[in-house]
Amino acid sequence: MTEDQLRKAHNSRDLWLALGLSLFAAIAFYFSTKATLHDLDYTNQIASALLHGHLGLQEKPPDWLNEMIPWEGKYYSAFPLGAVLSMLPVALLRETGLIQSFPGRALAALIAGLSVYFFFQLAKAFKGNWNNSSPIRPLALSPSRRVLLALFPIFGTWTWCNLGFGGAWQIALGLALLGQAAALYWSLAQPAPFLAGAFFALAFGNRTELLITLPLYLYFLWRQPKPVGQAHRLPSPANRSGGPTISTSSASEPHQITVAAFTWRNIKRAAQENSQMLIRFLSVPVTLGLLTAAYNFARFHSIFDFGYLHIPEVAQEPWYEHGLFSINAIPWNIYTMLFQGYESLAYFPYIRPNGFGCSVFLASPFLCLLFRQGGRYKIVAWLAISLLTLVLWLHGNPGSWQFSYRYAMILIPWMFLLVTGNGPPNISVPEVSLFAVSVTINAIAMWLFLWTDQVQP
């Protein structure tokens, strides 16, 4: 077989393994969970209204949808436009009579399966050195380690339980996780700026705070090797000619950049050379951003008002005394995310999760691997985690009804980059052990929250 044939055969086997693992994850997730909050289908309700040309409901919603916003004779949702648009296919199915209720359980399983697929494929971004005795370039990670790492974000973290609730808030978090995983895949493993931008729009369309990670995706795409033999890059400090540095393209080239290269002239030149990439990546996010601004203005007469504080009685809740976002909220969020423990019982098993949060490290001991040394994307991943965590800690309410700290679902794709990059190429005993413990903890939590009444608000 030729080198090209061997590479195609390898990619074909890789694709079938990814699809099989994704299908397994979706089926396992579907039959292990019960969408106890599927009636809280705020985004689906507004999506149905959009199909009829309305931005909100014309009639009073059911009592259980108590977070709908009565405003100027209509009822609106505090969800951003992207979350509503994500539910348009579901609304269309209801309009045609193919489904009768919000399929929260099926949606959650679909999100889980697709997320596993993209996490498995994202591991392609971590490649080893050329093997001169082999006509193809081997992956640095063994298939078994890639399987473990792909399953970890769904079944080894609080995602399993929280996404399993199947309500609108949980589905939005799941879509944000999926959007980030896919955007990272199309930025790092298989660069495609338009698809990366589309999935980034899916992510921030469901969780607006993810907009702050935009420069990181642009950086990843900016530093990708050009498809030709030689690529123009930001000038290096040793280059005195004023022109761009010429380098040979290499898919394994590390993402490095020097401060000296950041001059206005150099940045302007690099922007011109990467203009097509910028246009392709930004086309969908910019369009969604403009539509969201118009959507907010049409409802609440301000492009920045999503309506959250217009929800009845929310503004009077004590944790929003200093506003929706406040530094006063940081201590409570830190405690919930990092230090809150389980409840103690006088009978077996003697502990159980608290329905309003617990430390992410108690929920997923696998996260202890975040602190290993090394990792190809370590600096960028920690930067993303730090920025997003700060925004989450500023929020007045750390999550209410949840297992662990549900908002931290949006951190998981960046945690994946860390634990994938700072570990060995082959599966190891510590990883298997921590993975098994994490899956067990989250399976028990999922069962307690979704299938029993042992954990109550």
Side-chain angles (χ1 to χ4, degrees), residues 24-40 104-105 108-109 111-112 115-116 147-167 169-170 173-174 177 331-371 397-409 411-412 415 419 427-457:
F24 164 78
I27 293 174
F29 194 96
Y30 182 85
F31 286 105
S32 64
T33 59
K34 182 171 67 172
T36 56
L37 300 182
H38 76 279
D39 286 334
L40 304 181
R105 188 180 187 184
I111 292 169
S115 297
V116 167
V147 169
L148 180 147
L149 290 170
L151 294 174
F152 146 71
I154 302 299
F155 298 103
T157 72
W158 52 96
T159 300
W160 194 356
C161 179
N162 289 303
L163 181 58
F165 281 122
W169 292 106
Q170 293 79 18
L173 282 166
L177 183 150
W332 189 16
N333 278 278
I334 290 177
Y335 171 74
T336 303
M337 180 180 178
L338 300 180
F339 301 112
Q340 185 167 339
Y342 295 124
E343 294 179 349
S344 59
L345 303 173
Y347 51 88
F348 184 83
Y350 305 112
I351 59 172
R352 71 180 175 198
N354 184 293
F356 294 93
C358 74
S359 168
V360 295
F361 295 102
L362 287 177
S364 181
F366 195 86
L367 296 183
C368 294
L369 300 177
L370 290 173
F371 305 104
N397 189 324
S400 295
W401 184 244
Q402 61 188 348
F403 172 58
S404 191
Y405 191 74
R406 63 184 172 100
Y407 293 147
M409 284 172 61
L411 306 179
I412 291 175
M415 293 175 173
V419 298
I427 199 167
S428 64
V429 172
E431 287 186 336
V432 172
S433 302
L434 289 171
F435 176 77
V437 171
S438 297
V439 170
T440 301
I441 290 172
N442 285 278
I444 293 172
M446 178 273 300
W447 176 73
L448 289 173
F449 275 86
L450 303 183
W451 293 97
T452 76
D453 59 0
Q454 294 187 40
V455 183
Q456 293 293 328

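Note that the coordinates shown come from a computational prediction; the quantities given were computed from them, not determined experimentally.
- Considering every non-hydrogen atom in both Phe29 and Gly164, the closest pair reads CZ-N, 3.7 Å.
- The two atoms that bring Gly357 and Thr336 nearest to each other are CA-CG2, 4.0 Å, heavy atoms only.
- Under the 3.5 Å distance criterion, the side-chain polar atoms of Arg105 are matched with a main-chain donor or acceptor of Thr33.
- Annotation for Gln454 and Thr452: closest pair N-OG1, 3.2 Å, computed over non-hydrogen atoms.
- Here SG of Cys161 is found 8.5 Å from CG of Leu448. Values are rounded to the nearest 0.5 Å.
- Within the 4.5 Å cutoff, the side chain of Cys358 has heavy atoms near those of the Tyr342 side chain.
- At least one side-chain heavy atom of Asn333 sits less than 4.5 Å from a side-chain heavy atom of Tyr405.
- Distance CD1/Ile111 to CG/Leu163: 5.5 Å, rounded to 0.5 Å.
- Taking Glu431 as the reference, Arg145, Phe366, Leu369, Arg372, Pro424, Ser428 meet the side chain to side chain contact (heavy atoms under 4.5 Å, CB included) condition, with sequence neighbours excluded.
- Within a 6.0 Å radius of CZ in Phe371, more than 12 heavy atoms belonging to other residues, nucleotides or ligands are found.
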Apply the test side-chain contact (heavy atoms from CB on, under 4.5 Å) to residues Phe435 and Leu149: give CA-CA distance (whole Å), side-chain angles for both, the deciding distance (0.1 Å), then the verdict.
CA-CA 9 Å; Phe435 176 77; Leu149 290 170; over 6 Å; no
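- With a 4.5 Å cut-off on side-chain heavy atoms, Asn162 and Trp169 do not count as touching.
- Going from atom OG1 of Thr157 over to atom CZ of Phe403 covers 9.0 Å, rounded to the nearest 0.5 Å.
- None of Ser359, Ser364, Pro365 except one satisfies the side-chain contact (heavy atoms from CB on, under 4.5 Å) rule with Leu362; the exception is Ser359.
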Before you tell me yes or no, could you show the steps for Phe356 and Asn397 under side-chain contact (heavy atoms from CB on, under 4.5 Å), namely the whole-Å CA-CA distance, both residues' side-chain angles and the distance that decides it to 0.1 Å?
CA-CA 10 Å; Phe356 294 93; Asn397 189 324; over 6 Å; no
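- The nearest pair of heavy atoms linking Ser115 to Leu177 is OG-CD2, 3.5 Å.
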Phe165 and Leu173: CA distance, side-chain angles, deciding distance, side-chain contact (heavy atoms from CB on, under 4.5 Å) verdict:
CA-CA 11 Å; Phe165 281 122; Leu173 282 166; over 6 Å; no
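- The heavy-atom pair separating Trp160 from Ser32 by the smallest distance is NE1-OG, 3.1 Å.
- Distance CD1/Ile334 to CD/Gln340: 13.5 Å, rounded to 0.5 Å.
- In this structure, Val360 and Met415 have side chains that are not in contact, with every pair of non-hydrogen atoms separated by 4.5 Å or more.
- Note that the CE atom of Met446 and the OG1 atom of Thr159 stand 13.0 Å from one another [nearest 0.5 Å].
- Of all the heavy atoms in Ala35 and Gly104, the pair that sits closest is CB-C, 4.1 Å.
- Summarising the geometry, atom CZ belonging to Phe339 is positioned 9.0 Å from atom CZ belonging to Phe361; distances are rounded to the nearest 0.5 Å.
- The aromatic ring centres of Phe449 and Trp401 sit less than 6.0 Å apart.
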